[in-house]
Amino acid sequence: TYGGDLSHRWGDLKATVGTDYSLYSLGPLGNNEREHVRRYYVRGQYDISDDVALDVRFTREDDDEETIHLLSVALSYDF
């Protein structure tokens, strides 16, 4: 596996774009093996307050057989 990303912070917002390549990977649900997987992703992290953060990530995964799009949204509370 190899890859890289770039990040930049504007106040409470951190944005990241990146890509990586895996010779071997499991599918998003862990139920199938995939080979030659290239991922591209965009991520935004926003600090709503000192204790609450919003994290949104969009990922596109390409392999020899299919393309998968994933969107994950998380709201976290630090206590």
Side-chain angles (χ1 to χ4, degrees):
T1 300
Y2 65 89
D5 63 30
L6 297 171
S7 297
H8 187 73
R9 181 173 287 281
W10 295 276
D12 292 333
L13 175 65
K14 179 181 178 185
T16 304
V17 294
T19 185
D20 62 54
Y21 171 82
S22 297
L23 183 60
Y24 168 82
S25 177
L26 292 176
L29 300 177
N31 58 351
N32 62 335
E33 297 176 3
R34 301 170 65 211
E35 295 179 352
H36 306 286
V37 180
R38 167 67 70 184
R39 283 183 201 87
Y40 306 93
Y41 56 88
V42 177
R43 182 178 185 183
Q45 297 167 283
Y46 181 70
D47 296 329
I48 297 171
S49 69
D50 290 340
D51 299 330
V52 180
L54 176 66
D55 189 351
V56 179
R57 180 176 177 143
F58 175 77
T59 305
R60 174 186 165 130
E61 296 184 359
D62 295 320
D63 65 18
D64 293 336
E65 297 178 10
E66 63 184 341
T67 298
I68 297 174
H69 297 96
L70 301 169
L71 177 65
S72 63
V73 179
L75 186 65
S76 61
Y77 177 73
D78 296 329
F79 54 93

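Because the structure is predicted, anything quoted here is derived from the model rather than measured.
- Surrounding CG of D51 are more than 12 heavy atoms belonging to other residues, nucleotides or ligands, all under 6.0 Å away.
- Taking the six-membered ring for Trp and thresholds of 30 and 60 degrees, F79 and Y77 have nearly parallel ring planes, at less than 30 degrees apart.
- For the pair I68/T59, no side-chain contact is recorded, criterion being any heavy-atom separation below 4.5 Å from C-beta on.
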- Test T16 against Y41 for side chain to side chain contact (heavy atoms under 4.5 Å, CB included), laying out the working first. CA-CA 8 Å; T16 304; Y41 56 88; 4.2 Å; yes

Item to complete: Could you give me the CA-CA distance, side-chain angles and deciding distance for I48 and D12, then say whether side chain to side chain contact (heavy atoms under 4.5 Å, CB included) is met?
Response: CA-CA 8 Å; I48 297 171; D12 292 333; over 6 Å; no

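- The CG atom of D63 sits 12.5 Å away from the OH atom of Y24 when rounded to the nearest 0.5 Å.
- Counting heavy atoms of neighbouring residues, nucleotides and ligands inside a 6.0 Å radius, atom CD of E66 exceeds 12 of them.
- Among the candidates D5, D62, D20, the single residue satisfying the salt bridge (Lys or Arg N to Asp or Glu O under 4.0 Å) test with R39 is D20.
- A salt bridge links D47 with R9; the closest basic N to acidic carboxylate O contact falls under 4.0 Å.
- Under 4.0 Å is where a charged nitrogen must lie from a carboxylate oxygen, and between R57 and D55 no such pair does.
- Ring orientation note: the planes of F58 and H69 are close to parallel, at an angle under 30° on the 30°/60° scale.
- Q45 has its side chain out of reach of L13: every pair of non-hydrogen atoms, C-beta onward, lies at least 4.5 Å apart.
- Two residues are said to be in side-chain contact when any heavy atoms from C-beta on lie closer than 4.5 Å; V56 and L71 meet this criterion.
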